[in-house]
Amino acid sequence: MEHNLRVYNTLTRQKEPFKTVEPGKVGMYVCGPTVYKPSHLGHMVGPVIFDTVKRYLTYLGYEVKFVVNITDVDDKLIIEAPRQGISVSDLAERVTRDYVENLTKLNVTSIDLMPRATHHIGDIIEIIQGLITKGFAYPAAGDVYFDVTKDDDYGKLCNRDPEQLEAGARIEVSEKKRSPGDFALWKAAKPGEPAWDSPWGKGRPGWHIECSAMSTKLLGKTLDIHGGGLDLQFPHHENELAQSESYNGCTFANFWMHNGLMRIHSQASKIKDAKPRDDEPQKMSKSLGNEIVVHKLFERGIQPETLRFFLLATHYRRPIDYSEERLAEVGRGLDGFYRFFERFERINNKRNFYQPLPANVARGAGREGEFAVLRKRFLEHMDDDFNTGGAVGVLYELLTALNRFADAKQLEIGKGTADDVKAFEDGVIYLKELSQILGVFEKRPEEVKTDNASQQLVGGLMQLLIDLRAEARKAKNFALGDQIRKRLSELGVTLEDRAGGTNWRKD
RNA sequence: GGCCCCUUAGCCAAGCGGUAAGGCAGUGGAUUGCAAAUCCGCCAUCCCCGGUUCGAAUCCGGGAGGGGCCUCCA
């Protein structure tokens, strides 16, 4: 496979040339949510990033298997379910549905499997038993713990020294543990808790082990990419790594990718007792209670595509500060693209911009024209550790270049030569090709929900007003023409006079 | 206390040793009857102080400020 892709690896703290275990194939595992509360914006960062990662790898020719797990049994669920008066499994089901709906809206379509922890209890028990047999774990009164002192390179992902874990003394205290850094693989059930039979009695899996079990089961012993939020590095990923490598005796993941965290200024959130320095951004998290719930954002009319673009406009390893203003700003930037797509359809009314790409698009073909150069720069950014921020910048340059070209050749009034039109269409095809890598502009933005009859009526009335205004302007009665435009503007309708006629647009 | 990471224009942001992409906002112009849309122009020397180098936003050292993890967390 020929490419120049380099990927930053948390394990080595540097960018490395991307390689895979099996030629042409990629196994990618990303940690999904513990499903006890509706997803907030922070939960969307990883999926959008890794969806884009998969899109790019697929673009390069890889066959990618992308797994996102759902942790559906955990203390958090056990506490939350009774509060809502429902069972743990119903809670899990409800929250998972919310998660998936949000992902779908954000055009995260590339996930192949979403395994649930509770569907893999057998696999989990098998690994725990294996770890006990190999001497890496020990049962203790119905629990089972991983013994970090038996794992020579424990802490290698995060530079964590097991000795110093004691010094912290903030770790869960348990007299069952041999040393403070040990963590639970299996937890004995208290009465009324969800429980499964095991060699150590009724209980449930600890956190971390489900990921080791499901990733091995579904993707094999060595993952090409393991992803997740920066906050999962320790202890979650460190422990996953320790378990898996101790059990399988081989490298767990070749590339560890961690996305930056969504932050929010507490003033912008609804926290009552904000901390003294409430002007500094903080991580968005359920436990801090400052989260922006995704489905509420959609209910308020935020376009999913605006959100996706917002997430991709920054490099994935950096934190992103959320604010309403920022979202509105991104939306304004996006408008330029939507207007261009309409322009394209005016120029070539045979084609709908959102139609799929022709299958015969020859990638990398084409002259060293301006559009082709920009396309190349876009791909170079993606090769550089999936630098979507840089790529988005180039997409804007391509947009400007296309508008400039259409202006210069007066394509809108049919003045361009056949060659001009061809060159323009090639450029548009590049734009579509690159947009698809980012997972944007694949379908027309949602129209305001009105029934068909109303829409037709509005269209008819608008045409009536436009025609009347055209007559007034023809008669040089600009005062009347301007009045019509002004009154419409007050209603949120903008008129655009062009050579080919007048367009209208609702804000 | 330990371990990571960040600091670029009014705001967001790319940049990974060769003399600052892009977006939003602002502003001047082309176009327009006037607008809208579009295009063109203007708008930073990169937190501070040292050092390495012919050359540093980019490397090294120190300082200041901020974030994350060490406890559930995407």
Side-chain angles (χ1 to χ4, degrees), chain A residues 10 13-15 30-34 36-37 39-47 49-50 68 74-76 79 155 158-161 163-165 167-172 181 207 227-236 238 258-263 277 280-288 291 309-310 313-315 317-321 323 325-326 328-336 339-340 342-343 377 381 384-385 387-397 399-400 403-408 412 473 476 478-479 481-482 485-486 489 494-499 502-505:
Chain A
T10 305
R13 312 266 164 207
Q14 59 188 11
K15 289 180 198 170
V30 173
C31 288
T34 298
Y36 75 100
K37 259 183 164 184
S39 4
H40 68 245
L41 221 39
H43 294 119
M44 300 295 108
V45 180
I49 295 304
F50 290 104
V68 176
D74 176 86
D75 292 346
K76 289 290 170 74
I79 294 167
C158 308
N159 271 316
R160 222 52 75 127
D161 181 357
E163 305 289 320
Q164 289 180 332
L165 289 175
R170 301 171 79 179
I171 303 165
E172 186 187 348
W207 188 40
L230 212 54
D231 52 349
L232 292 182
Q233 273 183 206
F234 195 92
H236 189 237
E238 192 71 61
H258 289 98
N259 60 269
L261 304 179
M262 177 72 66
R263 301 191 303 191
R277 275 208 302 255
E280 294 305 335
Q282 262 187 312
K283 174 175 79 153
M284 183 179 291
S285 94
K286 295 178 205 168
S287 47
L288 290 173
E291 75 259 34
F309 215 76
F310 166 58
T314 304
H315 186 87
R317 278 191 279 116
R318 303 196 52 184
I320 308 180
D321 289 344
S323 74
E325 299 72 48
R326 175 76 184 124
E329 196 178 299
V330 172
R332 281 196 293 277
L334 233 32
D335 284 339
R339 283 191 218 105
F340 174 75
E342 285 167 15
R343 184 178 195 187
R377 279 180 49 211
H381 274 116
D384 182 16
D385 193 30
N387 186 350
T388 55
V392 163
V394 177
L395 212 62
Y396 273 105
E397 290 186 69
L399 172 68
T400 301
N403 267 320
R404 188 192 303 126
F405 188 85
D407 277 3
E412 234 159 322
R473 293 173 69 213
K476 301 275 186 230
F478 294 119
D482 289 350
R485 187 173 60 198
K486 183 162 176 288
S489 165
T494 307
L495 294 185
E496 300 178 348
D497 297 326
R498 332 180 160 276
T502 299
N503 292 96
W504 66 277
R505 165 162 60 80

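Within every chain, numbering begins at 1; the chains are lettered A, B, ... in the order of the sequence lines, protein sequences first and strands thereafter. Keep in mind that this is a model prediction, so the values were computed, not measured.
A:Arg160 has no side-chain polar atom (N or O) that falls below the 4.0 Å cut-off from OP1 or OP2 of B:C69. Of the side-chain N and O atoms in A:Lys37, none sit less than 4.0 angstrom from OP1 or OP2 of B:C72. The shortest distance between the side-chain N/O atoms of A:Asn259 and the OP1/OP2 oxygens of B:A74 is not below 4.0 Å. Between A:Arg339 and B:U38 there is a side-chain N or O to OP1 or OP2 distance below 4.0 Å. Distances shorter than 4.0 Å separate some side-chain N or O of A:Arg332 from OP1 or OP2 on B:A25. Taking only side-chain nitrogens and oxygens, A:Arg318 comes nearer than 4.0 Å to OP1 or OP2 of B:A14. In terms of phosphate contacts, A:Asn387 brings a side-chain nitrogen or oxygen within less than 4.0 Å of OP1 or OP2 of B:G15. Distances shorter than 4.0 Å separate none of the side-chain N or O atoms of A:Lys486 from OP1 or OP2 on B:A35.
Residue A:Thr10 is classed as having no contact, given no heavy-atom separation below 4.0 Å to the nucleic acid. Residue contacts for A:Lys286: at a heavy-atom cut-off of 4.0 Å it reaches the sugar-phosphate backbone alone, with no base atom in range. Here A:Glu496 lies in heavy-atom contact (under 4.0 Å) with a base. Backbone-only contact: A:His381 has heavy atoms under 4.0 Å from sugar-phosphate atoms and none from a base. Using a 4.0 Å heavy-atom distance criterion, A:Asp482 is classed as a base contact. Here A:Arg473 lies in heavy-atom contact (under 4.0 Å) with a base. Counting non-hydrogen atoms under 4.0 angstrom, A:Thr314 reaches the backbone sugars and phosphates but no base. Contacts of A:Met262 with the nucleic acid, taken as non-hydrogen atoms under 4.0 Å apart, include base atoms. Among the heavy atoms of the strands lying under 4.0 Å from A:Gly32 are primed sugar atoms or P, OP1, OP2 only; no base atom is included. A:Asp231 comes within 4.0 angstrom of a nucleotide base, judged by non-hydrogen atoms across all strands. Nucleic acid contact class of A:Ser285 (heavy atoms, under 4.0 Å, all strands): base. Base contact: A:Gly393 has a heavy atom under 4.0 Å from a base atom. Within 4.0 Å (heavy atoms only), A:Thr400 reaches sugar-phosphate atoms of the nucleic acid but no base atom. As judged by a 4.0 angstrom heavy-atom cut-off over every strand, A:Gly228 is placed among residues touching the sugar-phosphate backbone only.
A straight line from CZ of A:Arg377 to C1' of B:G15 spans 12 Å, rounded to a whole angstrom. At whole-Å resolution of the value, CZ in A:Arg13 and P in B:C3 are 12 Å apart. A straight line from CZ of A:Arg404 to P of B:C39 spans 8 Å, rounded to a whole angstrom. Between A:His43 atom NE2 and B:C72 atom C1' the separation is 11 Å, expressed in whole Å. B:A35 atom C1' lies 12 Å from atom CZ of A:Phe478, rounded to whole Å. For the pair A:Asn159 CG and B:C70 C1', the computed distance is 12 Å after rounding to whole Å. One interatomic measurement links the two molecules: CZ of A:Phe405 to P of B:U38, which rounds to 19 Å at whole-angstrom precision. If you take CG of A:Leu261 and C1' of B:C72, they are 14 Å apart, rounded to a whole angstrom.
A distance of 8.5 Å separates CZ in A:Arg473 from CG in A:Asp482, rounded to the nearest 0.5 Å. Here A:His381 contributes atom NE2 and A:His315 contributes atom NE2; the two are 11.0 Å apart, rounded to the nearest 0.5 Å. Put simply, CG on A:Asn259 and CE on A:Met44 are 11.5 Å apart, with the number rounded to the nearest 0.5 Å. To the nearest 0.5 angstrom, A:Asn503 atom CG is 5.0 Å from A:Arg498 atom CZ. Between atom CG of residue A:Asp74 and atom OG1 of residue A:Thr34 there is a gap of 5.0 Å, rounded to the nearest 0.5 Å.
Between the side chain of A:Arg317 and the base of B:C5, no donor-acceptor pair of N or O atoms lies under 3.5 Å. For A:Lys15 against B:C16, a side-chain-to-base donor-acceptor contact under 3.5 Å is present. No donor-acceptor contact under 3.5 Å links the side chain of A:Arg263 to the base of B:G68. A donor-acceptor contact under 3.5 Å is formed by the side chain of A:Glu329 with the base of B:G23. One can find a donor-acceptor pair under 3.5 Å joining the base of B:C34 and the side-chain atoms of A:Asp497.
If you take atom C1' in B:A13 and the same atom in B:A21, they sit 9 Å apart, rounded to whole Å. With C1' as the reference atom, B:G33 and B:U45 are 45 Å apart, rounded to whole Å. The separation of B:A56 from B:G50, taken at their P atoms, amounts to 14 Å, rounded to a whole angstrom. B:A57 and B:C6 have their C1' atoms separated by 14 Å, with the value rounded to a whole Å. Nucleotides B:U53 and B:G63 have their P atoms positioned 23 Å apart, rounded to a whole Å. Rounded to the nearest Å, the gap between the P atom of B:C5 and that of B:A74 is 23 Å. Here the separation of B:C47 from B:A9, taken at their P atoms, is 8 Å to the nearest Å. B:C4 and B:A44 are spaced 38 Å apart, taking the P atom of each and rounding to whole Å.
In the set B:U38, B:G22, B:A37, the nucleotide with an atom closest to the side chain of A:Arg498 is B:A37. With distances taken from any side-chain atom of A:Lys76 to the nucleotides B:A36, B:U38, B:C72, the minimum falls on B:C72. Looking at the side chain of A:Glu397, the nearest of the listed nucleotides B:G22, B:C39, B:A74 is B:G22. The listed nucleotides are B:A37, B:G68, B:U38; the one nearest the side chain of A:Lys283 is B:G68.
Residues A:Thr494 and A:Leu41 each lie close to RNA chain B; by heavy-atom proximity, the contact nearer the 5' end of the strand is made by A:Thr494.
Pairing partner, B:G1: B:C70, with both Watson-Crick or wobble hydrogen-bond distances short of 3.5 Å. Using N1 to N3 plus N6-O4 or O6-N4 for Watson-Crick, or N1-O2 and O6-N3 for G-U wobble, each under 3.5 Å, B:G15 pairs with B:U8. Within the shown strands, B:U27 is the pairing partner of B:G41 under the Watson-Crick or G-U definition, both distances less than 3.5 Å. Pairing for B:G50 goes to B:C60, judged as Watson-Crick or G-U wobble with the two contacts each under 3.5 Å.
Looking only at distances, no side-chain donor or acceptor of A:Gln233 sits under 3.5 Å from a matching main-chain atom of A:His258.
Side-chain contact between A:Lys286 and A:Lys76 is absent, with no heavy-atom pair separated by less than 4.5 Å. Residues A:Arg326 and A:Asp321 have side chains not in contact (no heavy-atom distance under 4.5 Å, counting atoms from C-beta outward).
A salt bridge does not link A:Arg339 with A:Glu342: none of the charged nitrogens is closer than 4.0 Å to a carboxylate oxygen.
The two atoms that bring A:Phe50 and A:Gly227 nearest to each other are CZ-CA, 3.5 Å, heavy atoms only.
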